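Notes for the one structure printed next.
Predicted, not measured: the structure shown is a model, and the values here were computed from it. Start at 1 and go down the list; that is how both ligands and their atoms are numbered.
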Amino acid sequence: MTTDTLDTEITTAISEAIEHGVGILPNVLTDREVREARADFDRAYLDLGKGPGEPGTRDSLWGELLLEYPGIAHCFSHPRIVSVVTGILEEPVPFLEKVKTNRYTPEHIGVGKHADMFEFEVVPAFSEVATQVFLDGISTGSGAVLYASGSHRLHFESDDDPGRKSPSQEEIEAGEYVPAEVEAGSVIFRIPRVWHAVDPIHRLRRYVTGSYAARRIHLRAYQLDRILGCRKTHRESDLTLIPAHIQPLWHPDPWND
Ligand SMILES: O=C(O)CCC(=O)C(=O)O
């Protein structure tokens with residue numbers, strides 16, 4: 001594939017995520033990288049006590065222990081993934097707020113319609129994006145991500161509408177949803193507020209997911225506790241334990257003080 005094609009794929013994923021709330025970057029990982037990531041993923045689930053997976057369950061792992069598995073850590077700093085995140089957030093070095101993996105073991109009912117939020121508050125536009133690096137393909141037959149195009153914008157602060165309230169769960173349920181389907185090794189970029197759901201799952205569904213934030217908006221002192229909670233880590237955490245390729249993304253500047 002030529003450099004021009006790769007650049008076009010990146011700019012397309014950025015503009016799709018901005019317009020629709022979901023953007024796709026196809027075939028980011030090579031077949032070999034997918035195999036390595038799957039092997040590390042399965043090992044992490046056994047090492048960290050999640051077992052081989054019970055039908056009907058979603059098992060998540062998160063925190064810096066995941067970064068000890070190179071096949072998983074690679075999914076957070078892959079240059080093409082970081083390029084798309086940088087473009088969406090307009091942030092030269094995005095802040096990797098949270099690292100996580102999800103495993104759905106079939107048969108699983110999927111996930112109901114919702115938007116990711118702690119409270120029904122409006123937020124600054126494009127201050128966060130979640131990446132989903134899929135290690136198994138998803139399709140309308142099994143585990144597609146369903147989303148309501150453009151719904152993320154209803155949750156953004158607006159100068160024209162200072163008293164804006166975010167939509168209710170009833171409105172989210174009533175949205176019009178379209179499927180996102182990808183092959184293993186491809187990435188979905190999701191603006192957390194976009195309304196989304198997951199189709200019923202009939203095949204193993206594994207992915208590695210990062211939450212990236214715009215430093216200029218999210219790294220205010222009062223949010224550090226939340227970030228530390230997300231990471232299950234400590235302010236004193238030893239940065240040298242974080243792989244060198246992750247460190248620039250991981251380190252919040254205010255901790256330099
Ligand atoms: O598994 C997915 O694709 C999305 C899960 C989900 O809805 C969420 O984490 O908010």
Is the shortest heavy-atom distance from the side chain of E64 to the side chain of V99 under 4.5 Å?
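Sidechains of V99 and E64: no contact.
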F76/Y212 aromatic ring centres below 6.0 Å:
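No, too far apart.
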Walk me through it: do H202 and S142 pass the test side chain to side chain donor-acceptor pair (under 3.5 Å)?
CA-CA 5 Å; H202 308 299; S142 179; 5.6 Å; no
Does a side chain donor of either E128 or S211 reach within less than 3.5 Å of an acceptor in the other side chain?
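Judged by distance alone, the side chains do not pair up.
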Could you point out which residue of R103, K100, K50 forms a salt bridge (charged side-chain N to carboxylate O under 4.0 Å, His left out) with D59?
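The option that passes is R103.
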I'd like a table of the close N/O pairs between ligand 1 and the protein (anything under 3.5 Å), one pair per line with both atom names and the distance.
residue, atom, partner, partner atom, Å
ligand 1, 1 (O), Y104, OH, 2.6
ligand 1, 1 (O), R205, NH1, 2.8
ligand 1, 1 (O), Y207, OH, 2.7
ligand 1, 3 (O), Q132, NE2, 2.8
ligand 1, 3 (O), R205, NH1, 3.3
ligand 1, 3 (O), R205, NH2, 2.8
ligand 1, 7 (O), H114, NE2, 3.1
ligand 1, 7 (O), H196, NE2, 3.1
ligand 1, 10 (O), H114, NE2, 2.9
ligand 1, 10 (O), D116, OD1, 2.8
ligand 1, 10 (O), D116, OD2, 3.4
ligand 1, 10 (O), H196, NE2, 3.2

Give me the one residue out of T86, V85, V84 that meets side chain to side chain contact (heavy atoms under 4.5 Å, CB included) with I88.
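Only match with I88 under side chain to side chain contact (heavy atoms under 4.5 Å, CB included): V84.
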